[in-house]
There are 2 protein chains.
Amino acid sequence: MRLRIATWNVNSVRLRAEQAARFVDEQAPDVLCMQEIKCQDGEFPREAFEAMGLPHIKIAGQKGWHGVAIASRLPIEDTPTLMNCREGHARCVAVKVAGVEIQNFYIPAGGDLPDRVANPKFDHKLDFYETLTAALKKRDPKAPLIVTGDLNIAPGENDVWSHRQMLKVVSHTPAELEAFDAMIKSMDLLDLPRLATPEPEKLFSWWSYRAADFRKSNRGLRLDHILASPGLREAAIVDGKVSSQVHDTVREWERPSDHAPVTADLKI
Amino acid sequence: MRLRIATWNVNSVRLRAEQAARFVDEQAPDVLCMQEIKCQDGEFPREAFEAMGLPHIKIAGQKGWHGVAIASRLPIEDTPTLMNCREGHARCVAVKVAGVEIQNFYIPAGGDLPDRVANPKFDHKLDFYETLTAALKKRDPKAPLIVTGDLNIAPGENDVWSHRQMLKVVSHTPAELEAFDAMIKSMDLLDLPRLATPEPEKLFSWWSYRAADFRKSNRGLRLDHILASPGLREAAIVDGKVSSQVHDTVREWERPSDHAPVTADLKI
DNA sequence: GTGCGTAGAG
DNA sequence: CTCTACGCAC
């Protein structure tokens, strides 16, 4: 069976429910992990997700900001999140689907100044990574685990439009690249979209709203990730190939999210 | 030649430009007087009005609030407004089209409490009427003049859903009815929509957004007016008939203004 | 209920 | 530029 997992920072699920329906119709994900739903649990448009064939829903919402959710075609089993947000924000949600544990995160953006002392948001971001990395180290790498979401770091030189310029910009600073790398090494996580589209090809999942024409300037970043535990290696790599993509055409739709959805397939 | 004059409180011209195009397409007004455009002069969607065949435009805008404009199929001649707003709001705009002077006003709503001392907004409203009435008295009644806009008073018993209940509500209080009457008497202005639809038939041009179904409750008010000077009597009353209507179906459109457009025809 | 202003986040 | 929150006006 093919299990297609999608992650999408929807930037308000109430404003994007119709686009979610279109995306689900076109790409048929079995599990849709969302970030920045920007609503409380009771305000989540459940009916819309039921109508699009994803009736099994787990929501971690809060008023107006952040908020994560998972909507699934298959029944979900409740499972604890790997960690909790230090600041009490709704940034973590997890389920088990078809025997696969899915941990969905909206990691803090980290503010403008890449300085842990002067900028508490940047400290929060790195602390989030440290806590997550520590939690992953305690887990059995052979267990089937997906770590996904808007992780707000573009880890590779080809995950940013300009490595040189971005090294000074939060999302691609050396401290963040190290934090991301440490997380990956915690259990040798597989970076599925990047395995499917190897370097040096550029791969982005986010483009700023501020650009007049995001295609023209193409100043994107790869902030949205689907990472698989070693226990999922055989499920993710089939005949030497990984099936995973960034659905960047979604970024062209009317009134889009600034993030494009990312999918990856597991053969389970 | 038929000159069709329309007045419409659009409640944000930028949000309503498409609806204006539809209305102009369906009703073919020669002159469209707008209120509550809620934008500055430079933010007015000129191109949209040019495209709908109303390229001659006069705008009195301000940031975010109030704002009036006139868009015309025929060339416009600049003409001074009959008065200026005491508070400096953009509430008055005037043009001359085909020899007819058109004075377009967005008269203050007047707040909740009908008390000139306790409520400065109510005082401003009555003061606006007094100033306008004084200005009209100085004009030659035989000159072709239209006074139109959102005048924020429902003058007659059949211009409100409940005369008894509304006598205590700003827009239909005794002081306002007197002020409206004094304005009419200043030069025996003709109330064109009411002449076309005589009492006791109810006639409304505004329905609150707060009603779930405005058709069902039908708690409307006639706040939007097209008044003609005696000099336009023969132009407005043709074979004993006045051609004027409230286009209330516009209120049913998607994301409507809370006001419906009103039109009146002159034979000139 | 709807659309503005302001501010903050991204 | 595009979201949220809050407050105000209508």
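Each chain gets a letter, A, B and so on, in the order the sequences are listed, and its residues count up from 1.
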Side chain to side chain donor-acceptor pair (under 3.5 Å) partners for [X], two or more places apart:
X	result
B:W65	none
B:D127	none
A:E26	A:R22
A:D112	none

Check: Quick one: what's the B/S/- string for nucleotides 3-10 of chain C, heavy-atom cutoff under 4.0 Å, read 5' to 3'?
Finding: BBSS-BSB
For a quick test of your reading: what N or O donor-acceptor pairs under 3.5 Å do the side chains of residues 167-174 of chain B make, sequence neighbours left out?
residue : atom : partner : partner atom : Å
B:H172  : ND1  : B:A154  : O            : 2.7
B:H172  : NE2  : B:H163  : ND1          : 2.8
B:T173  : OG1  : B:E176  : OE1          : 2.5

Notebook entry, point to check: Expressed in angstrom and rounded to an integer, what is the separation of B:N9 atom CG from C:dT2 atom P?
Noted result: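 Rounded to the whole Å, the gap is 15 Å.
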Note to self: Could you tell me how far apart B:E254 (CD) and C:dT2 (P) are, to the nearest whole angstrom?
What the structure shows: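 Rounding to the nearest Å, CD of B:E254 and P of C:dT2 are 10 Å apart.
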Check: With sequence neighbours excluded, what pairs up with A:R194 under the salt bridge (charged side-chain N to carboxylate O under 4.0 Å, His left out) test?
Finding: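 A:R194 satisfies salt bridge (charged side-chain N to carboxylate O under 4.0 Å, His left out) with A:D159 only.
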Next item on the list: With sequence neighbours excluded, tell me which residues meet salt bridge (charged side-chain N to carboxylate O under 4.0 Å, His left out) with B:D224.
Entry: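 For B:D224 there are no salt bridge (charged side-chain N to carboxylate O under 4.0 Å, His left out) partners, ignoring immediate neighbours.
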Next item on the list: Go through DNA chain D in 5' to 3' direction and return only the first and the last nucleotide with some atom under 4.0 Å of chain B's heavy atoms.
Entry: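 Going 5' to 3' along DNA chain D, contacts run D:dC8 to D:dC10.
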Checklist line | is_close_aromatic(A:H124, A:H89), centroid dist under 6.0 Å | finding: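 Yes, the ring centres sit under 6.0 Å apart.
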